[in-house]
Number of protein chains: 2
Amino acid sequence: MLSNSAKYALKAVLYLALHTSEDNKMMVKDIYTNINVPQSYLAKLLQELSKHDIISSSRGPKGGFYLSAKNLGLPLIRIVDVIDGEQRLRSCMLSIHECDSENPCALHHLVGNANSDFIKNLEQTTINELILEVRAGKSVLPL
Amino acid sequence: MLSNSAKYALKAVLYLALHTSEDNKMMVKDIYTNINVPQSYLAKLLQELSKHDIISSSRGPKGGFYLSAKNLGLPLIRIVDVIDGEQRLRSCMLSIHECDSENPCALHHLVGNANSDFIKNLEQTTINELILEVRAGKSVLPL
DNA sequence: TCCGAAATGTGATTTTTATCATATTCTGCG
DNA sequence: CGCAGAATATGATAAAAATCACATTTCGGA
């Protein structure tokens, strides 16, 4: 469903959302231990996210990664689409091309709306909204 | 969610369910073209399924793979558990161990009951039930 | 202006998954 | 019995995903 990379990326972004801001950046080496992702792998992922303007960064001393207000408004789907590509999440359970709700493959009913609901949620929920829930204690981030 | 192998296995089993029986067996070479799975890869998967008594087989001339009445009564989950292992399907969206509905991780709500519903369906639906739906025209198997 | 701290870019290595190939064993039939 | 047709066993190769390593660029501050 989600690749390891996408999960890592989500974790990292959520962590940044909780702990950084424009004037409180964070370096990879201070992040990776906290979210339990291999250092240089995380570095690569963050660079990718940064390149696609999903997170922000600045180099040099006092530099690091962070989330701007603008970044916080992005829907979660952006993260997984950038890392996994848009296909992966949206492919049919049996990887059959001609499968949709009009012409459902045999497993379609079993999945039900599971997958499409999940995608819809990822599209409609912003990073910020998710963080608000965490702060409100409605969910947890035991990264 | 499901590995390629698991998808292949599901396709193969469904195909066998539709087209074989105790006295109408089928060889890999007559199956693989129909379900669009590489021949020797399919062979390996069928052997694995056979070893775990999910499908039946017999060697020699007039031999091949088939589904017995007993096989038909198995729940679909058996197929994916044998091929993918029991962990894969059941791991949390962020691969966080301590994540369940009691103590939901941040993404838990986004997935909603999607995943657990799917698993439940796989557990409760037998191969035969699925095939009946296909025969009744309620769903399609464009393998 | 120069040094060091940080991200960035590039590519090599390892591990897992998918795929292919081939030798071996079993079994029905003449 | 013996041969040919089938699954079974084993392991080699290819491709993709995950991981690691290091040289390069950029930038703030002394």
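So that the names make sense, note that chain A is the first sequence line, chain B the second, and so on, each numbered from 1.
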Indicate yes or no: at least one non-hydrogen side-chain atom of B:Ile83 is less than 4.5 angstrom from one of B:Tyr8.
no

[X] has an atom [atom1]; how far is it from atom [atom2] of [N], in whole Å?
X       : N      : atom1 : atom2 : value
B:Met27 : D:dA4  : CE    : C1'   : 12 Å
A:Tyr32 : C:dA6  : OH    : P     : 14 Å
B:Lys25 : C:dT27 : NZ    : C1'   : 10 Å
B:Leu42 : C:dA18 : CG    : P     : 14 Å
B:His52 : D:dA7  : NE2   : P     : 18 Å
A:Glu48 : C:dT8  : CD    : P     : 11 Å
A:Tyr41 : C:dT16 : OH    : P     : 13 Å
A:Gln47 : D:dC22 : CD    : C1'   : 13 Å

Nearest listed nucleotide, side chain of [X], among [options]:
X       : options               : result
B:Asn4  : D:dA9, D:dA18, C:dA18 : C:dA18
B:Pro38 : C:dA6, C:dT19, C:dT25 : C:dT19
B:Arg59 : C:dT8, C:dC26, C:dC29 : C:dC26
A:Lys29 : C:dA6, C:dA18, D:dA18 : C:dA6
B:Lys62 : D:dT19, D:dA7, C:dC29 : C:dC29
B:Ser3  : D:dT8, C:dA7, C:dA18  : C:dA18

Please tell me which of B:Gly63 and A:Arg88 maps to the more 5' nucleotide of DNA chain D, matching each residue to the nucleotide holding its nearest heavy atom.
B:Gly63

Base, sugar-phosphate or nothing for A:Ser40? Non-hydrogen atoms, less than 4.0 Å.
base

So B:Lys44, base contact, sugar-phosphate only, or nothing? Heavy-atom distance under 4.0 Å.
base

Indicate the atoms forming the closest heavy-atom contact of B:Ala17 with B:Arg135, along with that distance.
O-NH2, 3.9 Å

5'-most contact on DNA chain C: A:Pro61 or A:Val28, nearest heavy atom basis?
A:Pro61

By nearest nucleotide on DNA chain C, pick out whichever of B:Gly60 and A:Leu46 is the more 5' one.
A:Leu46

Check ring-ring contact (aromatic ring centres under 6.0 Å, His included) between A:Tyr32 and all other residues, then give those that pass, not counting sequence neighbours.
none

Quick one: bend of the helix from C:dT1-D:dA30 to C:dG30-D:dC1 from 5 pairs per end, to 10°?
10°

Hey, does the side chain of [X] come within less than 4.0 Å of [N]'s phosphate (OP1/OP2), counting only N and O?
X       : N      : value
B:Tyr8  : C:dT19 : yes
B:Ser5  : C:dA18 : yes
B:Ser58 : D:dA7  : no

Once rounded to the nearest 0.5 Å, what's the spacing between atom OG of A:Ser57 and atom CZ of A:Phe65?
5.5 Å

Roughly how far apart are A:Asp53 CG and A:Asn71 CG, rounded to 0.5 Å?
7.5 Å

Using the side-chain contact (heavy atoms from CB on, under 4.5 Å) rule, take A:Thr20 and A:Ile55 through it: C-alpha gap first, then chi angles, then the decisive distance, then the call.
CA-CA 11 Å; A:Thr20 69; A:Ile55 67 178; over 6 Å; no

Cationic N near anionic O, under 4.0 Å, A:Arg90 to A:Asp84:
no

Among B:Leu18, B:Thr126, B:Leu67, find the one that has a side-chain contact (heavy atoms from CB on, under 4.5 Å) with B:Ile131.
B:Leu18

